[in-house]
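Below is one structure, written out as structure tokens; the observations come after it.
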Amino acid sequence: MAPRHGYVHSRAHRKGIHVSDRHEHSHPQHHTHGQRHGLRHRIGHLLAPHSHETADKVDSALESSARGMRALWVSLVVLGVTALAQAVVVAFSGSVALLGDTVHNTADALTAVPLGIAFVLGRRAATRRFTYGYGRAEDLAGLVIVLTIAASAAFAGWTAVDRLLDPRPVTHVPAVAVAALVGFAGNEWVARYRIRVGRSIGSAALVADGLHARTDGFTSLAVLLGAGGSALGWQRADPIVGLVITAAIVLVLRDAAREVFRRVMDAVDPALVDRAERALTEAPGVRGVGELRLRWIGHRLRAEVAVVVDGDVTVREAHRIAVDAEHALLHAVPRLTAALVHADPEPAPGESDPHLPLAHHVAA
């Protein structure tokens, strides 16, 4: 009977028993302790915004999606107004540096559309075709964002090179300078907001989008330098700044692409794996931890793990140990919403491996 212990628990999950949801909602006070961050922790996140996996706050799926949607639409309004103000100045100044910044801001605002669609899809319940739900739509939205950044970089670069080969004077330089400051302020506010919410709900796509906005802010300051050069009579200052903006966009493209690629490839922070292993080994009745897998589905984590238990316990006792192990995981790993725990009997002297019938399938 012992080899069947984990099988019983696995089948229970496949039939729809969501132990994780029950635990998650019955202990809300445990999941809010990560809101208290020290000054050094905040500075660390500001300098390394991609390290969102180390955040400790856990939101319910509905609350996470609602916060993500709110962040997207607020960002869309702020960046839309910023881009519109800059576009007016571009129309009568002829600044290509400001044009590149405006295009980039417009593209950044429009990324709210695929992300918004992804968050809406993520709320849908799992089906017999999409048995894990629709959370991975968020990762597809991240790919769309990366392509949008790439397109804006190509357009900004092409425009800057064209103006560098055919220099033209920039008029209304003071207005260009003001538009650059407006662009910086709007983008930096949106960047902080998106990155904070993205880390909080575990959305790699939203964090990448926040990084995109932050770089836009610095490129707006570069426009200010170009305006200064134009005021001094150096016509090539504006297109040169346009090329600098293009280079900055390429850098943020690299970072965003790396983040989204890791998420699509099911990469997780190794510290989360270590944390999960520690929680499992401390669970009552667990004598060892075998294979452990974590994966992101949108901004939620799922786990699959095999634990070693006493081979002489009953099926019910093995199931209880597996449930306790799952409960420990839900409390220990941020944003983990479901876990499938398989119980393996502890090997006895002279006993053959109970998984031997599966060996030829694994080899294939």
Side-chain angles (χ1 to χ4, degrees), residues 43-55 71-72 75 79 83 96-97 99-115 118 136-161 164 183-184 186-188 190-199 202-223 225-226 239-271 296 298-299:
I43 293 174
H45 275 306
L46 179 63
L47 295 178
H50 282 306
S51 57
H52 57 276
E53 288 93 347
T54 59
L72 289 174
S75 300
L79 288 178
V96 263
L99 174 62
D101 195 35
T102 302
V103 169
H104 200 34
N105 286 335
T106 302
D108 199 20
L110 293 178
T111 56
V113 176
L115 267 178
R136 297 304 287 267
E138 193 173 321
D139 300 328
L140 294 178
L143 294 175
V144 173
I145 290 172
V146 169
L147 293 176
T148 302
I149 299 174
S152 62
F155 180 79
W158 177 81
T159 305
V161 170
L164 193 62
F184 172 75
N187 277 288
E188 181 58 22
V190 167
R192 288 173 179 267
Y193 186 40
R194 284 179 172 177
I195 292 172
R196 183 176 70 251
V197 175
R199 284 200 305 257
S203 172
L206 192 55
V207 171
D209 219 18
L211 263 183
H212 184 190
R214 169 155 290 163
T215 304
D216 284 353
F218 289 113
T219 57
S220 294
L221 291 182
V223 174
L225 294 178
I240 288 176
V241 169
L243 289 176
V244 172
I245 290 174
T246 301
I249 298 173
V250 171
L251 289 177
V252 80
L253 172 64
R254 180 198 63 182
D255 293 339
R258 179 174 55 194
E259 181 72 11
V260 172
F261 174 78
R262 287 175 177 174
R263 184 60 64 90
V264 170
M265 294 298 294
D266 286 331
V268 297
D269 186 348
W296 287 98
H299 49 271

Run the side chain to side chain contact (heavy atoms under 4.5 Å, CB included) test against V146 and tell me which residues pass, sequence neighbours left out. L253, A256, A257, V260
Taking side chain to side chain contact (heavy atoms under 4.5 Å, CB included) as the definition, give me every residue that meets it alongside L140, ordered by chain and number, with sequence neighbours left out. L143
Side chain to side chain contact (heavy atoms under 4.5 Å, CB included) filter on V161, not counting sequence neighbours, yields L165, L243
In this structure, are over 12 heavy atoms from other groups packed under 6.0 Å from F261 atom CZ? no
Closest approach of A141 to A118 (non-hydrogen atoms, all atoms of both residues): CB-CB, 3.9 Å
Between CH2 on residue W296 and CG on residue D269, distance to nearest 0.5 Å: 9.5 Å
Would you give the length of the straight line joining atom CG of D139 to atom CZ of R262, rounded to the nearest 0.5 angstrom? 14.5 Å
Say whether, by atom type as modelled, one donor and one acceptor occur between the side chain of R192 and the main chain of G210 under 3.5 angstrom. no
Pairing residues for F184 by the ring pair (Phe, Tyr, Trp, His ring centres under 6.0 Å) criterion, not counting sequence neighbours: none
T102 versus A83, closest heavy-atom pair with distance: CG2-O, 3.5 Å
If the condition is side chain to side chain donor-acceptor pair (under 3.5 Å), which residues does S75 pass it with, not counting sequence neighbours? R194
Below 4.0 angstrom, N of the basic side chain to O of the carboxylate: do R136 and D266 qualify? yes
Of all heavy-atom pairs linking V207 and G198, the shortest is CG2-C, 3.6 Å
I195 CD1 to R199 CZ distance, which is reported to the nearest 0.5 Å: 6.5 Å
